[in-house]
Peer 1: 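Sharing a structure here in structure tokens format.
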Amino acid sequence: QFIPPYTEDCRTEMYPPNGPTFRGAVSWYTVDLDLPPSKRWTALITDKKTDLVNMIQAIKDLAYAFVPSGRLIELVDITLVSVIFPLTFSLNLYYIFLIPFCNLGEVVLFNIFYEVFTV
Amino acid sequence: CTSIVAEDNKGNLFHGRNLDFGLFMGWDVKNKSWIISEKLKPLVVNLDFKRNNQTVFKSTNFAGYVGMLTGIKPHIFTLTMNERFSLDGGYIGILEWILGKRDGMWMSFLTRSVLENAHSYEEAKTRLAQTKLLAPAYFILGGNQTGQGCIITRSRLLSIDMLEIDLKLGRWYVLETNYDHWEEPLFLDDRRTPGMKCMNQTTQKNISLKTMYDVLSTKPVLNKLTTYTTLMQVSEGKLESYIRDCPNPCMPW
């Protein structure tokens, strides 16, 4: 149907995934819960840090569009960490943050985005 | 988002979901796509959480996000969550948290705790229904025995409703998008009707991971916000994920 809401007849034979609706498979990583948080995520975050930085930058660009002064970003980078996290999970996040490429407040915002987005 | 738990006529349970995210967060006019949805797609990963070299649970995540939106405890239960909008929303929960009232749980950390520590469908269901949250949500849970599939509609404080598979009533699947199942969805965003139409057309006899993927590939269940599709079969301990695109013409949500 070429007019909104762009519905179509029920698709069939789409599996195994292929064609224009399939962008790609998803890679697997093991998270070893016997390791301390500092070691669990290293392989994954090392592989994905560029994509993560790009995604966080896109959110920052959006924030600058709403608040050009940058105050919103400052609020996230400086105050968010101190008011938000239960110790256990912040340890996990803290270790992700230790891989020196982005701000802990931004990682925290990414991880509470579900609650923030309902705003 | 669209989550489905279905039981075939042999008692096998299948759980599938489209993760749709990035609404109103910047539209790329040239590529006719949502900016954040496109930035999230390269971050999609499957994670195998192990302890003593044994799989505890598996999940599909966005790299850097330690909470759980989609996961399987192999041979025990499968779990997805969909966003629920309510005036009594997350901003109230966050405000309470900042003011020091910290008896509520962050949604995605509850799902992670349930996947890591719950040992049965019933235990998972109880925790998801009764734990105080900071934001409302839909939890869609599949078990490992006949009839074990439900949608738990949550407010921050209460479990408002539980809709379960009930073969005697002919309800062999439950399907949740982002609206209370007793309400009509917003007419501009009705993914429930096409989803149910395709499930009914598939029939209980023919439901499988393959045919569930067909349903999740049909517009507007598949839309411009869809970042990934995950298929899970608890009896096999199987989780498969695929990064998606929606060729034009395609609904923005």
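Each chain gets a letter, A, B and so on, in the order its sequence line appears, and its residues count up from 1.
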Peer 1: Of the backbone (N, CA, C, O) and the side chain (C-beta and beyond), which part of A/I59 lies under 4.5 Å from a heavy atom of chain B, both, or neither?
Peer 2: both
Peer 1: Just by distance, no angles: are the side chains of B/Y228 and B/N18 close enough, under 3.5 Å, to form a donor-acceptor pair?
Peer 2: no
Peer 1: Which residues pass the side chain to side chain donor-acceptor pair (under 3.5 Å) test with A/E74, sequence neighbours left out?
Peer 2: A/R71
Peer 1: Would you please test B/R84 and B/E176 for salt bridge (Lys or Arg N to Asp or Glu O under 4.0 Å) and show each step?
Peer 2: CA-CA 10 Å; B/R84 180 169 188 259; B/E176 176 56 57; over 6 Å; no
Peer 1: Counting heavy-atom pairs closer than 4.5 Å to chain A, which one of B/S108, B/A135, B/G89 comes out on top?
Peer 2: B/A135
Peer 1: Less than 4.5 Å apart, any side-chain heavy atom of B/M212 and any of B/I4?
Peer 2: yes
Peer 1: For the side chain of B/T111 and the backbone of B/M68, is there at least one donor-acceptor N/O pair under 3.5 Å apart?
Peer 2: yes
Peer 1: Let me know if B/L231 has heavy atoms under 4.5 Å from chain A in its side chain, its backbone, both or neither.
Peer 2: side chain
Peer 1: Verify whether one side chain among A/E13 and A/Y15 offers a donor that lies under 3.5 Å from an acceptor in the other.
Peer 2: no
Peer 1: Do B/T193 and B/D190 pair up side chain to side chain, a donor and an acceptor below 3.5 Å, judged on atom types alone?
Peer 2: yes
Peer 1: Determine whether a donor-acceptor pair (N or O, by modelled atom type, separation under 3.5 Å) exists between the side chain of B/N82 and the backbone of B/T177.
Peer 2: yes
Peer 1: Between B/L47, B/D245, B/N248, B/V56, which shows the greatest number of heavy-atom pairs under 4.5 Å with chain A?
Peer 2: B/D245
Peer 1: Can you sort out the partners of B/R244 under side chain to side chain donor-acceptor pair (under 3.5 Å), two or more places apart, ordered by chain and number?
Peer 2: A/T21, B/Y213, B/S217, B/T229
Peer 1: In residues 20-29 of chain B, which residues are in contact with chain A at a heavy-atom separation under 4.5 Å?
Peer 2: B/F21, B/L23, B/M25, B/G26
Peer 1: What residue, out of B/L133, B/T55, B/L40, has the most heavy-atom pairs lying under 4.5 Å from chain A?
Peer 2: B/L40
Peer 1: For chain A, find which of B/E240, B/K210, B/K197 contributes the most heavy-atom pairs closer than 4.5 angstrom.
Peer 2: B/K210
Peer 1: Taking 4.5 Å as the heavy-atom cut-off, does anything in residues 61-70 of chain A contact chain B, and if so which residues?
Peer 2: A/L62
Peer 1: Let me know if B/Q201 has heavy atoms under 4.5 Å from chain A in its side chain, its backbone, both or neither.
Peer 2: side chain
Peer 1: Does any backbone or side-chain atom of B/L87 lie under 4.5 Å from a heavy atom of chain A? Answer side chain, backbone, both or neither.
Peer 2: neither
Peer 1: Need one label for B/K41: side chain, backbone, both or neither, based on atoms under 4.5 Å from any heavy atom in chain A.
Peer 2: side chain
Peer 1: Heavy-atom cut-off 4.5 Å, strictly under: side chain, backbone, both or neither for B/I35 against chain A?
Peer 2: side chain
Peer 1: State, without any angle test, whether B/S241 and B/T230 hold a side-chain donor-acceptor pair at a distance under 3.5 Å.
Peer 2: yes
